[in-house]
Amino acid sequence: MKAAVVKALGEPLVIEERPDPVPGPGQVRVRVEASGLCHTDIHAAHGDWPVQPAPPFVPGHEGVGIVEELGDGVAHLSVGQRVAVPWLGWACGHCEHCLTGWETLCEKQVNTGYGVDGGYAEKMLAHADFAQPVPDGIDPREAAPLTCAGVTTYKALKVAGVGPADLVAISGIGGLGHLAVQYGKIACATVAAIDISDEKLQLAADLGADILIDARKEDPAAVLQSHGGAHAALALAVNEETFATVFAGLRRGGKLVMVALPADGIIQIPVFSTVLGGTSVIGSIVGTRQDLAEVFQLHAAGRTRVIYETRPLTSVNESIDEVLKGTVKARIVFEM
Ligand code: NAD
Ligand code: ZN
Ligand code: ZN
């Protein structure tokens, strides 16, 4: 099978021929049909974060495909079934986080495409308990971006507790942001979309955003304040300055949800207005298996649109360049 491998951090990926992986107890082997390119995969390949992956490794945590072999003890999945293999590749099931519905915080978790090989390959392994069944009728190329971009933004809005009378700011209309806009509308909120590209802002408008803010031309904080301030802001742009900007656009009691992970990201926030404004700053990491099931359920019901462009896996390095240049409409999906 073919796989795109990070041989050294910061170096171009290499397409390699590898033997098919063999599922161990509790695992399945998946024949990957479609695999999304999340900006996190670029951070992984570049070693941007304090906890770095160990090369060689295969990135990708939006892999979707067909179960083709079951390891010992797997009873609830069957050969031929379509599953998605998300970032949360495994969690212990016993710690306080796992037991309280916060498996995404499990300290023993294993991350797909980071701690173990991921979806930039024709075949991959998954822990059966964390391989998410994809409902019939969802195209695998649409399921792929939902597997991270979808669940992450759906969860971030849940964490922010966004409701129908709220103004929610979505900063960065990329792979994550184009779905965040739609979950904001599903929550019946007023959605303000912020980006630095005409195409992204047009896409946000097409997907239902109510207020469009071009951060090249206007100050997002001032625009948000002119609307009374945002109840919540999702920081999705890979640029730490944008975190402080949308923070300044919050109303009293507002919540900044940090989602993007720019390298060496540090933000400064003013103590005085945070205290007097009762403002919250919250980190949000992907979503649980149940969150992903809900994301698929919404898509199967026709309530979300996934905007993607397909590429062959062999164009992985050019595809990464496209994402970094900001020329991708929303998400690149590798078709195997
Ligand atoms: P992306 O590259 O598809 O989207 C980023 C968007 O930000 C683009 O539309 C770009 O035009 C826009 N942007 C750039 N500069 C801007 C600015 N100054 N103001 C407003 N918008 C600006 O990336 P993505 O795949 O959507 O991922 C975004 C980030 O989220 C990455 O850092 C990724 O690692 C992170 N992420 C976090 C989680 C999590 O669970 N917390 C999950 C997935 C991804
Ligand atoms: Zn991701
Ligand atoms: Zn745990």
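Under the 3.5 Å distance criterion, the side-chain polar atoms of Thr242 are left unmatched by any main-chain donor or acceptor of Val238. Looking only at distances, a side-chain donor or acceptor of Trp49 sits under 3.5 Å from a matching main-chain atom of Leu261. With Gln225 contributing its side chain and Ala248 its backbone, the two residues share a donor-acceptor pair below 3.5 Å. Under a 3.5 Å cut-off, the side chain of Ser197 and the backbone N or O of Lys200 do form a donor-acceptor pair. Of the possible polar contacts, none joining the Thr279 side chain to the Gly254 backbone as a donor-acceptor pair under 3.5 Å is found. Judged by distance alone, with hydrogens and angles left aside, the side-chain atoms of Asp166 form no donor-acceptor pair with the main-chain N or O of Val168 at under 3.5 Å. Panel note: side chain Arg216, backbone Ile196; a donor-acceptor pair is recorded below 3.5 Å.
Side chains of Ile170 and Val191 form a contact here, defined as non-hydrogen atoms less than 4.5 Å apart. Side-chain contact between Met124 and Val116 is absent, with no heavy atoms from C-beta onward closer than 4.5 Å. Taking the side chain as every heavy atom from C-beta outward, Phe334 and Thr310 never approach each other to under 4.5 Å. Using a 4.5 Å heavy-atom threshold, the side chains of Pro220 and Thr245 count as touching. Taking the side chain as every heavy atom from C-beta outward, Leu224 and Arg251 never approach each other to under 4.5 Å. Inter-residue side-chain proximity for Leu256 and Met258 is flagged as met; some heavy-atom pair is nearer than 4.5 Å. In this structure the side chain of Glu33 never reaches within 4.5 angstrom of the side chain of Met336, judged on heavy atoms. In this structure the side chain of Leu324 reaches within 4.5 angstrom of the side chain of His39, judged on heavy atoms.
Looking only at atom types and distance, the side chain of Asp198 has no donor-acceptor partner in the side chain of Gln202 under 3.5 Å away. In this model, a donor atom of one side chain and an acceptor atom of the other lie less than 3.5 Å apart for Thr288 and Asp291. Under the 3.5 Å distance criterion, with hydrogens and angles disregarded, a donor-acceptor pair is assigned to the side chains of His299 and Glu142.
Here CD of Gln27 is found 11.5 Å from CG of Leu70. Values are rounded to the nearest 0.5 Å. Atom CG of Leu13 is separated from atom CG of Asn317 by 5.5 Å, given to the nearest 0.5 angstrom. Considering CZ of Phe130 and CD of Glu103, their distance stands at 5.0 Å, rounded to 0.5 Å. With rounding to the nearest 0.5 angstrom, the CD atom of Glu240 is 8.0 Å from the CG atom of Asp264. In this structure, the separation between CG on Leu179 and CZ on Arg305 is 11.0 Å, given to the nearest 0.5 Å. Atom CE of Met1 sits about 9.0 Å away from atom CD of Glu16, to the nearest 0.5 Å.
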Evaluation steps, side chain to side chain contact (heavy atoms under 4.5 Å, CB included), between Gln81 and Val79: CA-CA 6 Å; Gln81 187 172 358; Val79 170; over 6 Å; no
Stepwise salt bridge (Lys or Arg N to Asp or Glu O under 4.0 Å) check, Lys185 with Asp210: CA-CA 9 Å; Lys185 292 316 297 175; Asp210 303 283; 2.8 Å; yes
Step-by-step side chain to side chain contact (heavy atoms under 4.5 Å, CB included) determination, Leu276 to Arg252: CA-CA 8 Å; Leu276 272 75; Arg252 287 197 161 196; 4.0 Å; yes
Worked check of side chain to side chain contact (heavy atoms under 4.5 Å, CB included) between Cys38 and Arg331: CA-CA 8 Å; Cys38 179; Arg331 202 52 138 197; 3.2 Å; yes
Stepwise salt bridge (Lys or Arg N to Asp or Glu O under 4.0 Å) check, Glu294 with Lys158: CA-CA 12 Å; Glu294 292 170 19; Lys158 267 193 183 181; 2.9 Å; yes
Trace of the side chain to side chain contact (heavy atoms under 4.5 Å, CB included) decision for Ile186 with Thr304: CA-CA 9 Å; Ile186 287 172; Thr304 47; 3.8 Å; yes
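Residues Leu207 and Ile173 are members of one and the same hydrophobic cluster, defined by side-chain heavy-atom contacts under 4.5 angstrom among Ile, Leu, Val, Met, Phe, Trp and Tyr. If you chain together hydrophobic residues whose side chains sit under 4.5 Å apart, Ile282 and Val259 never meet in one group. Taking hydrophobic clusters as Ile, Leu, Val, Met, Phe, Trp and Tyr residues chained together by side-chain heavy-atom distances below 4.5 Å, Val151 shares a cluster with Leu157. Under the 4.5 Å side-chain heavy-atom criterion for ILVMFWY residues, no single connected hydrophobic cluster contains both Val110 and Leu105.
Ala34 and Val333 get closest at one heavy-atom pair: CB-CG1, 3.8 Å. In plain terms, the two heavy atoms of Pro133 and Leu77 that are nearest each other are CG-CD2, 4.3 Å. Heavy-atom minimum distance, Val28 versus Ala128: CG1-CB, 4.1 Å. Taking all atoms of both residues into account, the shortest heavy-atom contact from Gly150 to Tyr183 is O-CE1, 3.4 Å. Residues Ile307 and His178 approach most closely at N-NE2, 3.1 Å, considering heavy atoms. Scanning both residues, Ile213 and Ala192, for their nearest heavy atoms gives CD1-CB, 4.3 Å.
Using a 4.0 Å cut-off between charged side-chain N and carboxylate O, Glu335 and Arg141 make a salt bridge. Taking the charged nitrogens against the carboxylate oxygens, Arg311 and Glu322 do have a contact shorter than 4.0 Å, which makes a salt bridge. Note on Glu309 versus Lys329: no salt bridge recorded, every NZ/NE/NH1/NH2 to OD/OE distance being 4.0 Å or above. With respect to the salt-bridge test (charged N to carboxylate O, under 4.0 angstrom), the residues Arg289 and Asp129 do not qualify. For the pair Arg18 and Asp117, the salt-bridge criterion is met [side-chain N within less than 4.0 Å of a carboxylate O].
Partner of His61 under the side-chain hydrogen bond (donor to acceptor under 3.5 Å, both in side chains) criterion, out of Thr40, Asp41, Thr147: Asp41 alone. Considering Val5, Leu313, Val32, Ile15 as possible partners of Tyr120, the one that fulfils the side chain to side chain contact (heavy atoms under 4.5 Å, CB included) test is Leu313.
For Lys155 and Trp87, the positive end is not near the middle of the six-membered ring at less than 6.0 Å and at most 45° from its axis.
Within 6.0 Å of CD in Gln52 there are more than 12 heavy atoms belonging to other residues, nucleotides or ligands. For NE2 of His94, the number of neighbouring non-hydrogen atoms (other residues, nucleotides, ligands) closer than 6.0 Å is 12 at most. Counting heavy-atom neighbours within 6.0 Å of Glu17 CD, excluding the residue itself, gives a total above 12. Environment of CD1 in Ile266: sparse, with no more than 12 heavy atoms of neighbouring residues, nucleotides or ligands closer than 6.0 Å.
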